Amino acid sequence: MITYIGTPKLETERLLLEKFELNDAQKVFDHWISDERVTDNRVSAAHTAVSQKVERVANIVSQYEKEDFCYWAVKLKDSGELIGEIDLYDFNEATGNCEVSYSLGYQWWNQGYGTEALRAVIEFGFRHMNLHKIAAAHNTDNPASGRIMSKAGMVQEGIVRDMIRNSKGQYKDCAIYGILEGEYFSRGDESLCGNKDL
Ligand SMILES: CC(C)(COP(=O)(O)OP(=O)(O)OC[C@H]1O[C@@H](n2cnc3c(N)ncnc32)[C@H](O)[C@@H]1OP(=O)(O)O)[C@@H](O)C(=O)NCCC(=O)NCCS
């Protein structure tokens, strides 16, 4: 059974993952949601459009009262700068499985932050939520996302052809990745992020 504890603060070497606040809306827009280099690579249909600047963050904030809502703002520890977002969603009670998705502002790509955030959320999911499996998908023309999944211990399970159709009407093949609880704990690196004792 999944243990829901909402969106607690998580800490990594260089990042803080914490709840969004209403006044983050402009930064979310400026840093990644208005940038097609970021949004063109997003897969989940649940994550909607650029136009909903304030509503989007207000909608996230309003859901923090639900314990099964896990949606983090990703901030640099040193400066407090808001650089991205990461969430666990589509929880399945029957299986204990869910999905993860993430986006970072372009200026912060390729500095290891995506991998650091994903590892922290995977650690949280297995150590604190009793999840069975965490899965994700990326467009095959977005290999950086697959790379961070691999670095976080996820395994590619296959390619689904024309899995999504983006806002420009283009079909995209997606690679599906997953990590099982047993794989995570057998690897023995579960304390990498230091959020053992939330
Ligand atoms: C996916 C994303 C979160 C990655 O974040 P990040 O902070 O840049 O990731 P990291 O720096 O931890 O790692 C990136 C890895 O991808 C690799 N990479 C970058 N561009 C690549 C490319 N075109 N082809 C292959 N690998 C690439 C980097 O070399 C690095 O791997 P390495 O550490 O082995 O060198 C970020 O690119 C992003 O927000 N993209 C847009 C939104 C998105 O794709 N969301 C996910 C939808 S599934």
Side-chain angles (χ1 to χ4, degrees), residues 10-18 20 24 27-50 52-53 56-57 60 70-79 81-90 97-125 133-168 170-179 187 189 192-194:
L10 305 178
E11 196 172 337
T12 70
E13 192 187 341
R14 297 177 296 165
L15 302 174
L16 274 181
L17 275 57
E18 57 189 13
F20 277 100
D24 289 328
K27 283 195 173 140
V28 170
F29 184 76
D30 293 343
H31 290 180
W32 67 93
I33 286 294
S34 63
D35 186 347
E36 282 191 353
R37 291 171 299 192
V38 178
T39 54
D40 278 359
N41 286 314
R42 294 165 70 98
V43 169
S44 171
H47 297 89
T48 43
V50 181
Q52 310 164 336
K53 184 167 70 175
R56 187 172 181 280
V57 173
I60 292 169
C70 304
Y71 208 123
W72 291 270
V74 179
K75 294 181 178 169
L76 296 181
K77 232 181 191 173
D78 283 351
S79 61
E81 188 79 277
L82 175 60
I83 68 166
E85 62 183 39
I86 184 163
D87 65 312
L88 293 172
Y89 65 103
D90 271 2
N97 298 351
C98 76
E99 300 203 26
V100 63
S101 82
Y102 39 76
S103 291
L104 294 184
Y106 182 74
Q107 70 185 96
W108 296 284
W109 288 12
N110 293 318
Q111 298 168 58
Y113 294 131
T115 306
E116 211 168 300
L118 181 57
R119 283 182 176 152
V121 166
I122 288 174
E123 174 183 277
F124 171 71
K133 179 177 184 180
I134 300 173
H138 72 87
N139 299 344
T140 50
D141 58 10
N142 178 27
S145 183
R147 180 73 190 125
I148 78 166
M149 292 180 205
S150 297
K151 288 199 290 179
M154 301 175 82
V155 176
Q156 196 190 119
E157 299 178 348
I159 307 268
V160 179
R161 294 177 302 160
D162 286 357
M163 185 175 129
I164 58 163
R165 195 172 185 196
N166 68 16
S167 56
K168 295 171 181 155
Q170 302 159 321
Y171 283 100
K172 298 279 180 179
D173 296 348
C174 292
I176 309 298
Y177 279 69
I179 179 169
R187 249 182 17 215
D189 60 354
L192 276 178
C193 306

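Keep in mind that this is a model prediction, so the values were computed, not measured. Counting convention: from 1, in listed order, for ligands and their atoms alike. Hydrogens, waters and symmetry mates are skipped; everything else that's a heavy atom, side chains included, is used.
The shortest N/O to N/O separation between Met149 and ligand 1 does not fall below 3.5 Å. Ligand 1 has a nitrogen or oxygen under 3.5 angstrom from a nitrogen or oxygen of Tyr102.
The protein heavy atom nearest to atom 7 (O) of ligand 1 is Gly114 N, 2.8 Å.
Numbered from 1 in the order shown, with element, the atoms of ligand 1 that lie under 4.0 Å from a heavy atom of Leu104 read 5 (O), 7 (O), 38 (C), 39 (O). Distances below 4.0 Å separate heavy atoms of Val38 from the following atoms of ligand 1: 41 (C), 42 (C). The atoms of ligand 1 that sit less than 4.0 Å from any heavy atom of Pro143 are 22 (C), 23 (N), 24 (N), 25 (C). Residue contact check: Gln111 has heavy atoms under 4.0 Å from atoms 11 (O) of ligand 1. Counting atoms of ligand 1 from 1 in the listed order, those under 4.0 Å from a heavy atom of Gly112 are 10 (P), 11 (O), 12 (O). Residue contact check: Thr115 has heavy atoms under 4.0 Å from atoms 10 (P), 12 (O), 13 (O) of ligand 1.
Here Asn142 has side-chain heavy atoms under 4.0 Å from ligand 1, and that is the only part of it that gets that close. Residue contacts with ligand 1 for His138 involve both N, CA, C or O and side-chain atoms from C-beta outward (heavy atoms, distance under 4.0 Å).
When the heavy-atom distances from atom 33 (O) of ligand 1 to Lys151, Arg37, Glu85 are ranked, the shortest goes to Lys151. Between Ala144, Ser101, Ala137, Ala152, it is Ala144 that holds the heavy atom closest to atom 27 (C) of ligand 1. Comparing Tyr177, Trp32, Trp109, Tyr106 against atom 41 (C) of ligand 1, the shortest heavy-atom distance belongs to Trp109.
Within a 4.0 Å radius of atom 2 (C) of ligand 1, the protein has no heavy atom. Distance check on atom 35 (O) of ligand 1: every protein heavy atom falls at or beyond the 4.0 Å cut-off.
Within the 3.5 Å criterion, the main-chain N or O of Cys98 finds no donor-acceptor partner in the side chain of Asp90. Listed for the Glu116 side chain is a donor-acceptor partner under 3.5 Å among the backbone atoms of Arg14.
Aromatic ring pairs are classed by plane angle as parallel below 30°, tilted from 30° to 60° and perpendicular above 60°; the pair Trp72 and Phe124 is perpendicular.
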